[in-house]
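Report on one structure; see the data block that follows.
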Amino acid sequence: MVKSITLTRRAIIATGACALVASRARGARGWGGSRLAAIDWAMAETAAALDLPLVAVAEKRQFLRGTAVTLPPNCADVGLRGSPNLEALSLVAPDLILSSNFYSFVEPQLGRIAPVFTQNMFIPTEPALPKALSALETLAIQLDRGEVGHRVRRDFEAAFDALRARATGFAARPFVLMTVGDARHVQIYGSDSLYGGALRRIGLTNGWGGDTEFGFNAPVPLSRLIDFPQAHLVIAGALPVSARRAIGQSALWSALPPVRAGRVSYLPDQMPFGGAPSGLRFASHLVTALEAA
């Protein structure tokens with residue numbers, strides 16, 4: 001059966017790690033600065049972590065459902081990430097547009113509206129989290145706020161260090177990170193994913209050794225989990241209702257050694273292509289769940 005995590009008082013405090021970093025960041029500055037629009041969600045989170053003035057984000061409603069940050073109330077939605085509404089983007093009149101290698105095909109059109117600042121965080125076989133942390137500094141430097149970027153990154157690094165200290169007692173087992181697609185398939189996150197990077201940053205081992213092409217392998221048959229009898233399974237994001245019912249009745253799922261042993265954690269995280277804030281939130285949720293088990 002699928003069980004939800006009941007958070008203890010310590011768990012509730014722990015899940016505020018991202019909020020603490022953001023609060024410290026806001027206290028360290030208070031400039032106005034450039035009006036920023038973000039096509040890429042990881043860059044949107046990076047700007048929000050730096051408390052920069054975001055005036056527009058692509059797919060705002062979906063972004064808000066999964067992000068680890070908050071947006072200004074007047075932040076506009078400028079359509080799809082892969083096909084932004086150029087008219088809406090022009091109307092908000094950004095001074096700088098934040099993008100990534102995912103959206104290089106639309107960069108010429110974006111460049112007619114405002115300069116485009118691109119960071120490549122998700123590259124196959126390359127760890128994503130170090131790039132997300134570096135982006136805090138590089139974006140701040142781009143806007144002549146380098147010292148602020150350094151301070152914010154230090155806050156994130158300190159928060160990861162604190163989680164790493166708490167996670168030492170769980171380092172003996174490998175972890176398998178996944179999202180459930182349906183009752184028969186999962187997506188597994190590797191070392192080049194944001195979640196895989198967060199796992200490594202807090203001193204834990206990813207049991208999935210294969211490349212995942214900067215995110216996850218999709219779909220992977222549920223039967224592949226038989227290969228990880230000693231692992232702790234981590235499911236990130238809500239399970240689809242149909243999958244929740246089917247997994248609860250699945251003989252294969254119930255027979256998996258980690259499931260029989262109770263080594264399964266269910267996390268609310270839904271932003272595998274976010275920036276440093278989502279990486280930190282994932283790590284915090286994981287450590288909290290392990291401590292509460």
Side-chain angles (χ1 to χ4, degrees), residues 1-25 42 45 48-49 64-70 128-129 132-133 152-180 186-191 193-208 216 228 230-239 244 247 258-259 261-293:
M1 294 294 292
V2 177
K3 298 180 180 179
S4 298
I5 298 170
T6 300
L7 295 183
T8 62
R9 180 175 180 273
R10 183 177 183 184
I12 293 171
I13 293 172
T15 55
C18 292
L20 175 61
V21 170
S23 175
R24 289 177 179 172
E45 284 202 338
L64 289 174
R65 286 175 182 167
T67 186
V69 302
T70 58
L129 182 64
L133 290 167
V152 172
R153 177 171 182 172
R154 284 198 299 267
D155 284 342
F156 272 91
E157 298 283 10
F160 274 115
D161 287 341
L163 291 170
R164 186 184 185 97
R166 289 168 52 192
T168 54
F170 308 104
R173 292 188 183 278
F175 287 75
V176 176
L177 315 178
M178 70 188 80
T179 298
V180 175
V186 296
Q187 295 88 34
I188 296 181
Y189 295 93
S191 59
S193 68
L194 182 69
Y195 293 165
L199 186 76
R200 180 177 181 178
R201 180 62 178 79
I202 61 174
L204 302 180
T205 301
N206 194 332
W208 181 265
F216 51 73
F228 306 98
Q230 301 302 317
H232 188 110
L233 307 182
V234 179
I235 298 177
L239 276 68
R244 180 183 291 268
I247 282 181
V259 176
R263 297 195 306 271
V264 184
S265 296
Y266 298 89
L267 310 185
D269 301 84
Q270 300 180 56
M271 189 66 80
F273 294 105
S278 282
L280 178 60
R281 182 182 62 177
F282 174 84
S284 178
H285 282 167
L286 176 57
V287 172
T288 295
L290 294 174
E291 291 174 336

query = Could you state the interatomic distance from CG (Asp269) to OG1 (Thr179), rounded to the nearest 0.5 Å?
reply = 9.5 Å
ask   = Any idea which heavy atoms bring Gly279 and Phe160 closest together, and the distance?
value = C-CZ, 3.7 Å
key: Any donor-acceptor pair under 3.5 Å from Ser284 side chain to Leu280 backbone   = no
key: Non-neighbouring partners of Phe175 that pass ring pair (Phe, Tyr, Trp, His ring centres under 6.0 Å), sequence neighbours left out   = His232
request  = Quick one: list whatever passes salt bridge (Lys or Arg N to Asp or Glu O under 4.0 Å) with Arg201, sequence neighbours left out.
outcome  = Glu157, Asp161
message = Can you tell me how far apart OG (Ser193) and CZ (Arg200) are? Round to the nearest 0.5 Å.
response = 12.0 Å
query = Quick one: salt bridge (Lys or Arg N to Asp or Glu O under 4.0 Å) partners of Arg173, sequence neighbours excluded?
reply = none
key: Leu129 side chain near Leu194 side chain, heavy-atom distance below 4.5 Å   = yes
remark   = d(Ile235 CD1, Ile247 CD1) to nearest 0.5 Å is 6.0 Å
query = Any side-chain heavy atom of Thr67 within less than 4.5 Å of one from Pro277?
reply = no
query = Can you check whether Tyr189 reaches Leu199 side chain to side chain, under 4.5 Å on heavy atoms?
reply = no
message = Please report the interatomic distance OG(Ser265) to CG(Leu286), rounded to the nearest 0.5 Å.
response = 6.0 Å
request  = Specify the closest pair of heavy atoms between Gln230 and Pro174, including all atoms of both residues, with the distance to one decimal.
outcome  = O-CD, 3.9 Å
query = Any idea how Phe228 and Trp208 line up, ring-wise: parallel (<30°), tilted (30 to 60°), or perpendicular (>60°)?
reply = tilted
ask   = Got Phe282 and Met271 here, is their nearest side-chain heavy-atom distance under 4.5 Å?
value = no
task = Find out whether Arg166 and Thr288 are in side-chain contact, i.e. whether some heavy atom of one side chain is under 4.5 Å from a heavy atom of the other.
result = yes
message = If I compare all heavy atoms of Glu45 with all of Ser278, which pair ends up nearest, and what's the gap?
response = OE2-OG, 2.8 Å
ask   = Below 4.5 Å, heavy atoms only, C-beta onward: do Leu233 and Val186 meet side chain to side chain?
value = no
query = Does some side-chain heavy atom of Tyr266 sit less than 4.5 Å from a side-chain heavy atom of Leu239?
reply = yes
